[in-house]
Amino acid sequence: MDPGYHLMELPTKVLIGEGVISKLGEFLKDSAAGKRVVVASGSNVASKVREAVESALPKEPVWVEVVAADMVNVDRVMAAASGSGCIVGVGGGKSVDVGKLAAFKLHMAFFSVPTSASHDGISSPFASLKGLDRPYSVMAKPPVGILADIAIIASAPRRLLASGCGDLVSKLTAVKDWELAHRVTGEYYGSYSASLALMSANAVLDRSKSLGIFGRDSVRELVEALISTGVAAGIAGSSRPCSGSEHLFSHYLDLLAPESGLHGEKCGIGTIMMAKLHRIDWRRVRMALKNVGAPVEASQIGVGDSMVIESLMKASSIRPDRYTILSRKKLTRKSAALLAKSTGVI
Ligand code: ZN
C-alpha cells in the first residue's frame, strides 16, 4: 500500500574532473573532523591509487582490503572504522558497496571514489552484496559525497566502461516497468525521477558512437549519467527508475552463473529482450550496446542458452513484490526461447 509520502536522500556534493583525487583531503575535511579516515579498497585499485590517496590526506588512512562484496567484508570495515571520521570506498563495485553498507550500519558518513564507471552504485542509495537473504540490492544511504577523477576512470579497462553503458540503457525498460506497475497495481510513480533516469539511458542511446570512444569527454558524460541515475533513485525513494525486469533477469543469472559477466553487461543484454516485450525499439538498444563495445549475445559473457531461458522464465520469482513486464507475460520455456532467439541474445 502506497503511504502517499516518501523520503528523498541525495548526495550533498560531487567533485568531478581530471586530477581531483589530489583534493580528497579537502573534500572529506568536514566529515573527517581531524580524525583518520577508513579506506575500503580492492588490492588492484589500492596499488594504483594508494600514493595519490595518501598524499591527498592529512593523516595516513586505515586501509581495509575488500576481497568480496559480502557481510564478512562489511564487518571488517566496520571493525576498522571505530574512532574514525568517515568511510571512503575507493574502487569499482565491491569496495563502494561494502563501504556504503558499513557506513550505513555505523551511521557514519560515506564517500564514494569510483575508479571505474561500470554501474550506478557509485551514487545510489543501494548496496549489492552476496550472501544476503535476497539476490538483489539492499537499501542503505547514498554517499554524502562522490569524488570522480576522470583521469583515473578513463584509464579503467574499456570493458568496465562499456558495462556502465549497459547499466545506463537498462533505465529504458526499468521506467517502462515502473509505468506498467503504476497502471496495474497503483504503486507510486514519479514522472520527474523517471524522466531523469531516461535522460541517462538516452545519453547512451543517442550518442553511442561518440560515447564508445571513451575519451575524456565521453567518460565524463558516462560518469555524470551514472551519478544522475543514482540521484533519480534517491528522488524516487526506491530503485524503481533504475531497476526493472532487466535487472531481475541479471540477478537471476547471478544465481545461475555467479562468475559470468559484469552487472551492466547482463543488464544490457536483459534490456534488449525486455524492450521487445514492451514493444519498444529493441534494435536501437542492441545497436547502441554494440557501438560502445558491450556484449549483446549471451555467449559473449560465457552464459549458455538454457541459462538465459531459465532466467527469463523465473526472474520475476526472486522479487514477487516488484511488478514488471515479466509478471505480466509469464513466459513459458517456448516463448522465452523465442524471445531470446528473435533478439539475437542466443
Ligand atoms: Zn544496475
Side-chain angles (χ1 to χ4, degrees), residues 9 11-16 19-119 121-132 137-138 140-149 151-153 155-156 160 227 230:
E9 291 197 275
T12 50
K13 54 183 182 177
V14 177
L15 184 62
I16 184 165
V20 292
I21 193 82
S22 65
K23 304 193 183 301
L24 183 62
E26 186 65 29
F27 193 66
L28 305 177
K29 203 165 128 194
D30 293 344
S31 295
K35 296 179 190 162
R36 274 174 190 266
V37 304
V38 169
V39 180
S41 169
S43 57
N44 284 344
V45 167
S47 63
K48 201 172 149 194
V49 298
R50 189 171 186 130
E51 238 182 81
V53 168
E54 291 192 346
S55 61
L57 295 174
K59 283 185 181 164
E60 200 183 322
V62 180
W63 290 84
V64 181
E65 189 184 326
V66 172
V67 290
D70 59 19
M71 286 312 290
V72 175
N73 283 271
V74 171
D75 289 342
R76 288 175 53 234
V77 174
M78 287 172 72
S82 149
S84 62
C86 60
I87 296 175
V88 185
V90 181
K94 291 184 198 120
S95 313
V96 170
D97 281 323
V98 165
K100 193 190 285 173
L101 197 61
F104 175 64
K105 285 176 168 281
L106 291 169
H107 305 287
M108 283 176 80
F110 174 68
F111 291 84
S112 153
V113 181
T115 55
S116 69
S118 58
H119 62 88
I122 57 179
S123 64
S124 76
F126 308 99
S128 251
L129 291 160
K130 292 197 169 82
L132 300 178
S137 306
V138 292
K141 265 177 183 288
V144 170
I146 302 147
L147 184 140
D149 191 321
I152 294 173
I153 297 170
S155 71
L160 296 177
I227 292 173

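- Residue pairs meeting the side-chain hydrogen bond (donor to acceptor under 3.5 Å, both in side chains) criterion with at least one member in residues 47-59, sequence neighbours excluded, are Lys48-Ser155, Arg50-Glu54, Glu54-Trp63.
- A pairwise comparison of heavy atoms in Ala40 and Gly99 identifies CB-CA, 4.5 Å as the closest pair.
- Taking each heavy atom of Gly92 and Val96 in turn, the nearest pair found is O-CG2, 4.1 Å.
- Residue Lys141 holds its NZ atom at 14.5 Å from NZ of Lys105, rounded to the nearest 0.5 Å.
- For the pair Val144 and Pro11, the minimum side-chain heavy-atom distance is 4.5 Å or more.
- The main-chain N or O of Ile153 is never found under 3.5 Å from a side-chain atom of Ser116 such that the two would form a donor-acceptor pair.
- Taking OG of Ser137 as the start and CG of Leu129 as the end, the distance is 8.5 Å to the nearest 0.5 Å.
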Under 3.5 Å, sequence neighbours excluded: what are the donor-acceptor pairs made by side chains of residues 65-77?
unit_1	atom_1	unit_2	atom_2	d
Asp70	OD1	Val72	N	3.4
Asp70	OD1	Asn73	N	3.1
Asp70	OD1	Asn73	ND2	2.8
Asn73	OD1	Val67	N	3.1
Asn73	OD1	Arg76	NH1	2.6
Asn73	ND2	Ala68	O	3.1
Arg76	NH1	Glu65	O	2.8
Arg76	NH2	Glu65	O	2.9

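- The closest side-chain heavy-atom distance from Leu147 to Phe111 is not below 4.5 Å.
- When only modelled atom types and interatomic distance are considered, Ser95 and Ser41 share no side-chain donor-acceptor pair under 3.5 Å.
- Taking each heavy atom of Phe110 and Ala103 in turn, the nearest pair found is CB-CB, 3.5 Å.
- Taken from CD1 in Ile146 to OG in Ser123, the straight-line distance is 5.0 Å, to the nearest 0.5 Å.
- Shown here for Ile122 and Pro114, the closest heavy-atom pair between the two residues is CG2-CB, 3.5 Å.
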For Lys100 and Ser124, run side chain to side chain contact (heavy atoms under 4.5 Å, CB included): C-alpha distance rounded to whole Å, both residues' side-chain angles, the deciding distance at 0.1 Å, then the answer. CA-CA 10 Å; Lys100 193 190 285 173; Ser124 76; 3.5 Å; yes
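- The shortest side-chain heavy-atom distance between Leu106 and Ile87 falls under the 4.5 Å cut-off.
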Could you list the donor-acceptor pairs under 3.5 angstrom formed by side chains in residues 19-39, with sequence neighbours left out?
unit_1	atom_1	unit_2	atom_2	d
Ser22	OG	Gly19	O	3.1
Arg36	NH1	Glu60	O	2.7

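- Here the closest heavy-atom approach between residue Leu101 and residue Ala140 is recorded as CD1-CB, 4.1 Å.
- Side chains of Glu9 and Pro142 form a contact here, defined as non-hydrogen atoms less than 4.5 Å apart.
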